[in-house]
Each structure stands twice: as C-alpha cells, then as structure tokens.
Amino acid sequence: QVQVVESGGGLVQAGGSLRLSCTFSGLTSGAYIMGWFRQAPGKEREGVACINLNGRSTYYADSTKGRFTISRDNAKNTLDLQIYNLKPEDTAMYYCAADVLCYSGGPRYRADSGYWGQGTQVTVSS
C-alpha cells in the first residue's frame with residue numbers, strides 16, 4: 001500500500017521561509033518523476049516545482065522561480081521543497097506527488113495516475 005505524507009507547513013510572516021517534506025512508502029520513489037503542487041481556496045491546483053528521476057534536473061513555475069527549491073533523496077524516499085521569501089499569495093495547501101509530468105514550466109498531474117499526499121497547509125501573513 002502506497003502512502004505519501006507531507007509535513008512542514010505552518011503559519012509564517014511574509015519574507016519568512018519554510019521547508020516542506022514528503023515521505024513515500026510502499027513504492028520506489030526513484031522510479032518516478034516527482035513534483036509539488038498547491039491549491040488555494042477557490043483556485044485550481046497549480047504545479048509549482050518538479051524534479052527528474054536522479055534529481056539533477058529541476059523545473060519551476062514562473063511564480064516560484066528563485067524562491068522555491070525542490071530536492072529529492074531516493075535512498076530515503078523523500079521529496080523536499082524549500083521556500084524562501086514567502087509571500088501572502090503563496091498561501092495554499094501544498095501537495096507532493098509521484099508519477100507526474102514535468103515540463104520547463106513546472107509539473108502537471110496525470111489524469112489517471114499518480115500518488116498523492118493529503119497536503120500540508122502553508123499560510124503567509126502580511
């Protein structure tokens with residue numbers, strides 16, 4: 001049984017930083033392209049960052065470039081997202097996912113596959 005668990009969210013002031021972590025169990029994470037997504041209330045789910053199988057290539061949405069850093073540790077089955085200089089518009093539920101599509105503009109989820117966590121809330125106060 002596959003389990004995906006995010007952690008690290010919280011309430012921070014604008015300009016602050018957070019590190020989100022995701023742990024996968026029940027699958028070999030090194031076999032999947034992975035990504036982070038977020039969804040704010042009333043908005044569609046947005047891909048923010050993705051990473052290839054060996055972690056050497058990373059891609060980001062324009063809104064996150066320069067402030068978000070995605071990384072993975074295949075030996076530990078973990079995926080992280082370091083966020084700097086948080087802005088109120090970054091407020092959203094953040095999800096990690098395995099088996100996603102990854103483009104230069106960030107990740108896209110597959111319509112009929114993928115492994116997702118339950119999300120971790122990030123709230124940025126101004």
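Throughout, residue positions are numbered sequentially from 1 according to the sequence presented. As a basis for the values below, the full set of heavy atoms in this structure was taken, side chains included, without hydrogen atoms, waters or symmetry mates.
The pair Asp62-Lys65 meets the salt-bridge criterion, with a side-chain N (NZ, NE, NH1 or NH2) lying under 4.0 Å from an Asp/Glu carboxylate O.
Of the possible polar contacts, one joining the Thr64 side chain to the Ala61 backbone as a donor-acceptor pair under 3.5 Å is found. Although no hydrogens or angles enter the test, the distance criterion places no donor-acceptor pair under 3.5 Å between the side chain of Gln3 and the main chain of Ser25. Side chain of Thr78 to backbone of Cys22: no donor-acceptor contact under 3.5 angstrom is found.
Summarising the geometry, atom SG belonging to Cys50 is positioned 12.5 Å from atom CE belonging to Met34; distances are rounded to the nearest 0.5 Å. Taken from CZ in Arg38 to CZ in Arg45, the straight-line distance is 13.0 Å, to the nearest 0.5 Å. Glu89 CD to Lys43 NZ: the interatomic distance, rounded to the nearest 0.5 Å, is 8.5 Å. A distance of 10.0 Å separates CG of Leu86 from OG of Ser125, quoted to the nearest 0.5 Å.
The closest side-chain heavy-atom distance from Cys96 to Val4 is below 4.5 Å. Between Thr120 and Ser7, every side-chain heavy-atom pair lies at or beyond the 4.5 Å cut-off.
Sorted by first and then second residue, the ring-ring contact (aromatic ring centres under 6.0 Å, His included) pairs involving residues 20-61 (not counting sequence neighbours) are Tyr32-Tyr115, Phe37-Trp116. Sequence neighbours left out, not one pair with a member in residues 61-110 passes ring-ring contact (aromatic ring centres under 6.0 Å, His included).
Pairing each heavy atom of Arg72 with each of Leu79, the nearest pair is CB-CD1, 4.0 Å. Annotation for Leu81 and Ala49: closest pair CD1-CB, 4.1 Å, computed over non-hydrogen atoms. Of all non-hydrogen atoms in Ala14 and Pro88, the two that sit nearest each other are CB-CD, 4.1 Å. Gln121 and Thr123 make their closest contact through NE2-OG1, 3.4 Å (heavy atoms, listed as atom of the first residue, atom of the second, distance). Across Thr91 and Val124, no two heavy atoms sit closer than the pair OG1-N, 2.9 Å. Pairing each heavy atom of Ser63 with each of Arg67, the nearest pair is O-NH2, 3.2 Å.
Screening Ile51, Leu53, Ile33, Asn52 against Cys102 for a side chain to side chain contact (heavy atoms under 4.5 Å, CB included) leaves a single residue, Ile33.
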Inset, instruction - Go through the steps for Glu46 and Gln39 under the test side-chain contact (heavy atoms from CB on, under 4.5 Å), then give the verdict. - result: CA-CA 6 Å; Glu46 172 192 21; Gln39 188 168 19; over 6 Å; no
Legend entry - Residue pair Leu20, Ile83: steps toward the side-chain contact (heavy atoms from CB on, under 4.5 Å) verdict: CA-CA 8 Å; Leu20 308 183; Ile83 310 174; 4.1 Å; yes
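Every residue meeting the side chain to side chain contact (heavy atoms under 4.5 Å, CB included) condition with Arg19, not counting sequence neighbours, appears here in chain and number order: Ser71, Asp80, Gln82.
Both Met93 and Val100 belong to a common hydrophobic cluster when Ile, Leu, Val, Met, Phe, Trp and Tyr are linked at side-chain heavy-atom distances under 4.5 angstrom.
The number of heavy atoms from other shown groups lying within 6.0 Å of CD (Gln13) does not exceed 12.
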